[in-house]
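Because the structure is a prediction, the values reported are computed rather than measured. Proteins get letters first, then strands, A, B, ... in listed order; numbering begins at 1 in each.
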Amino acid sequence: GLYTFHEDPTKTKHYALTMFPYPSGNLHIGHWYANVAPDAHARWMRMRGYNVLFPMGFDAFGLPAENAAIKHGLNPATWTSSNIEHMLGQFKRMGTMIDWSRSFATCDPEYYRWNQWFFTEFFKRGLAYKKNGLVNWCPKDQTVLANEQVVDGRCERCGTPVERRHLSQWYLKITDYAEELLDFSDTDMPERVKAMQTNWIGKSVGAEITFDTPAGPETVFTTRPDTLMGATFLVLAPEHPKVPALTTPEQAEAVQTYVEAAGRKTDVERQQDLGEKTGVFTGSYATHPVTGHQLPIWVADYVLMTYGTGSIMAVPAHDERDFDFARKFGLEIREVIRPEGAMPLNPETADAAYTGEGVIVNSGEFDGLPGGKASIATVIERLEALGVAKAKTTYRLRDWLVSRQRYWGTPIPIVYCPEHGAQPVPEDQLPVKLPENVEFMPTGQSPLKLDREWMRATCPVCGGPAERDTDTMDTFVDSSWYMYRYLSPHDDQHPFDPAHAHLLPVDLYTGGIEHAILHLLYSRFWTKVMRDMGLTVQNEPFARLRNQGIILGEDNEKMSKSRGNVVDPDDLVREYGADTVRTYLMFIAPWELGGPWDPSGINGPAKWLSRVWALYFDEKAAGPEEGVTERELRYAVHTTLKKVGGDFERMSFNTIIAALMELTNTLVKAKRSPVFGTPAWEEALDIFGRMLAPVAPYIAEEIWRERGGTKSVHLQPWPEVDEAAATRDTVTIGVQVNGRVRGEVEISKTAAAEEALAAARAHPDVAKFTEGKQTVKEIYVPGRIINLVVK
RNA sequence: GCCGGUGUGGCGGAAUUGGUAGACGCACUCGACUCAAAAUCGAGCGGGAAACCGUAGGGGUUCGAGUCCCCUCACCGGCACCA
């Protein structure tokens, strides 16, 4: 049928995908904006002869379903499926070419079974592991969160300040792929997405240096090993495990008080206190590995347990934070990098750290080397020879915390045997189905714990009694590989059928920028693991990614019910029809930009489409007789065709609509010209009708049928540009005098320089400015410009 | 602070490779049609009386700059005590 994808070896495949929605119950105008332009693009690709796979599904697990279900006293499954049903109807009114035969919801056991399968495979490969550690905890949603889900210290979903807790949780080892995730050479993504991911991964190149302490050797990470001789104290994060052992009895009370206070702070409070340094002396000293000097060891919350080793060597002369700390607590400041030609630093009067490059001083054998990046490699090499340092690259990226203490998600397919510990559920026992009748009020405990019957399992190793893991997976697991599932959505042998692997990767992926880090980073990671498992040969899931902008309310604010600025697409469709809404959304702004909704602006596309209809089916309108010639008409049609094709290629949808409007203006004139009714006129109507099809599919189809077309306009080939018709023999070019436009001349496109310049000089408006002046230079760029330089 | 992006009429925006800035539309003005209005159709619409001036501001390269280079400013987004 029209909207169903079938393998076709005679055609080139094109896999186009728009991020699937959460089944909230309603498609809002933002969904339309996100889906309509990619749909037009996919339709255009199909008309060009590509075999286009354009599927859609629902990202159905997650907290909102659970919270809404609690609020309305429904089961999340019931709530979700009725929402999906309603949204399907809305999607269909939108007029997309989505192949619904491949649709699925991620809460289908037939789908999440493969989440579980992947999890057990990750587990077997050491890429899924359970660890006790400091985690982000949302006290409102009563669950742990991944680092990526904490925004400004708050829960990404509900905005509650996140707390820190020590809990045993499951992680996926995304850090194994940190370096590879920095390489974007196999994917075409917007700069800002690449920049955001790169920042998030946070690579730092430097060295690890080990100091002896009374509690054993302590390794610190630094990006400035060239400042090692300037280290005058060490600082440990309050949560650092060595803190108790390093605290002397005299300091015990002060340290304990400080550490406890730091532990109580949420990230939000910590950020509010930013700037004012706090800390406390442990009473112990570390030994400088080169000089043997005794360096006091402090505890301070400006050092983070979650980065590097949780401890630092403080170089107050060359690090602003260390400088502030040293000033406040009267610690030694020792200069080891000096700006070129500067006097030695006076530690008493210095008012800031010098973080720039310069020359190394007061550092024995390193004296005279350039400071900063220039000599880091040399410094590390020599320190390695001395046995005190080791080159080290650190990433800010943490492993992905995937377990959640909520109900509406994929059960983690692990059982715990008293004898054999954590064991993956064997493949033939998957899926581990989510039990249906569970009290799932958020209590901080996993709701699945309440179903004792469900928890009962057997150990796959010994067959003895075992207990199921009661956590569910982060929903970002679902979306990390769903693009593969569309290839064979009901396959019960594999996550996807390898026979269809040639459809990969997704050629064009579109969606919101809000997923720049979370979903996109996770799915890139997942693809790399799948590649290493031999499931795909691709390095990247998406060959090309584009982000649409956001449609704001009329008041230039984010649309929300509480602001009362929400635009309802269903209302618009009732008033104007889907094609008008589609074309307006494409026309309103560059698609990647978005912007505020202009309620009067929709009049433009509405009028345009009725003019288009009139063009085909109204009587020849009254009005002045026009003189559009056949040559001019064909020129307009074929140049527009060329432009529209190019604009689809670069996804410039607003200029596609503009070009079609412009051509409509010409066609309206042509209808009142002698060219009306000629073969050129009929050709124009035919080509225009096909160009309309991707952007306004309903009207284009009606026009096609009314004109007696067979099958569907959407199955017609995209017209070929007649290059000869799209070219002009003569061209109107501007004539400049000293770079200012003074007139224009119509000349042959290939006119020789003498001819062109003669025509230019003869132009009366030009002559006014050249008269009595000496010609210095004459520029003629055929087809573009003439510039006469005089003085 | 670091990283990325964006600055063009009253508004949304166009100018794809350095070559006639303001396409296309909204709003507005005038005209036709109408008793009238709406709809529709036609015309106009950066500023200035003009010379000229105009793409955030200043400099530069060039015959020629919205476009390239340097500096500055503003706004948006991301990260941020990351050693």
>> Whether the side chain of A:K607 and the base of B:U40 hold a donor-acceptor pair under 3.5 Å is what I'd like checked.
In response: no

> Taking C-beta and beyond as the side chain, do A:N547 and A:P190 meet within less than 4.5 Å on heavy atoms?
Replying inline: yes

>> Check A:D647 with A:K643, please: is the shortest side-chain N to carboxylate O separation under 4.0 Å?
In response: yes

> Does A:Y302 have A:K277 sitting over its ring (NZ/CZ under 6.0 Å from centre, angle to axis within 45°)?
Replying inline: yes

> Want to know the stems of RNA chain B: at least 3 consecutive Watson-Crick or G-U pairs with distances under 3.5 Å, which are they?
Replying inline: B:1-7 with B:73-79, B:10-12 with B:24-26, B:28-32 with B:40-44, B:56-60 with B:68-72

>> Tell me every residue that passes side-chain contact (heavy atoms from CB on, under 4.5 Å) with A:A516, counting only those two or more places apart in sequence or in another chain.
In response: A:V193, A:M196, A:I513

> So what does A:R396 touch, heavy atoms closer than 4.0 Å: a base, only the sugar-phosphate, or nothing?
Replying inline: base

>> Regarding A:D301, tell me which of base, sugar-phosphate or nothing describes its non-hydrogen contacts under 4.0 Å with the strands shown.
In response: base

> Using a cut-off of 4.0 Å on non-hydrogen atoms, how would the nucleic acid contact of A:L304 be classed: base, sugar-phosphate, or nothing?
Replying inline: base

> Considering only heavy atoms and no angle criterion, is a donor-acceptor pair shorter than 3.5 Å present between the side chain of A:N787 and the base of B:C63?
Replying inline: yes

> So what does A:L593 hit on the nucleic acid, given a heavy-atom distance under 4.0 Å: a base, only sugar-phosphate, or nothing?
Replying inline: sugar-phosphate

> What interatomic distance, in whole Å, is found between P of B:C41 and the corresponding atom of B:G25?
Replying inline: 11 Å

> Would you call A:K671 and A:E626 a salt bridge, using N to O less than 4.0 angstrom?
Replying inline: no

> On a whole-Å scale, what distance lies between the P atoms belonging to B:G59 and B:C2?
Replying inline: 27 Å

> Is a salt bridge present between A:E239 and A:R164, judged by a nitrogen-to-oxygen distance below 4.0 Å?
Replying inline: no

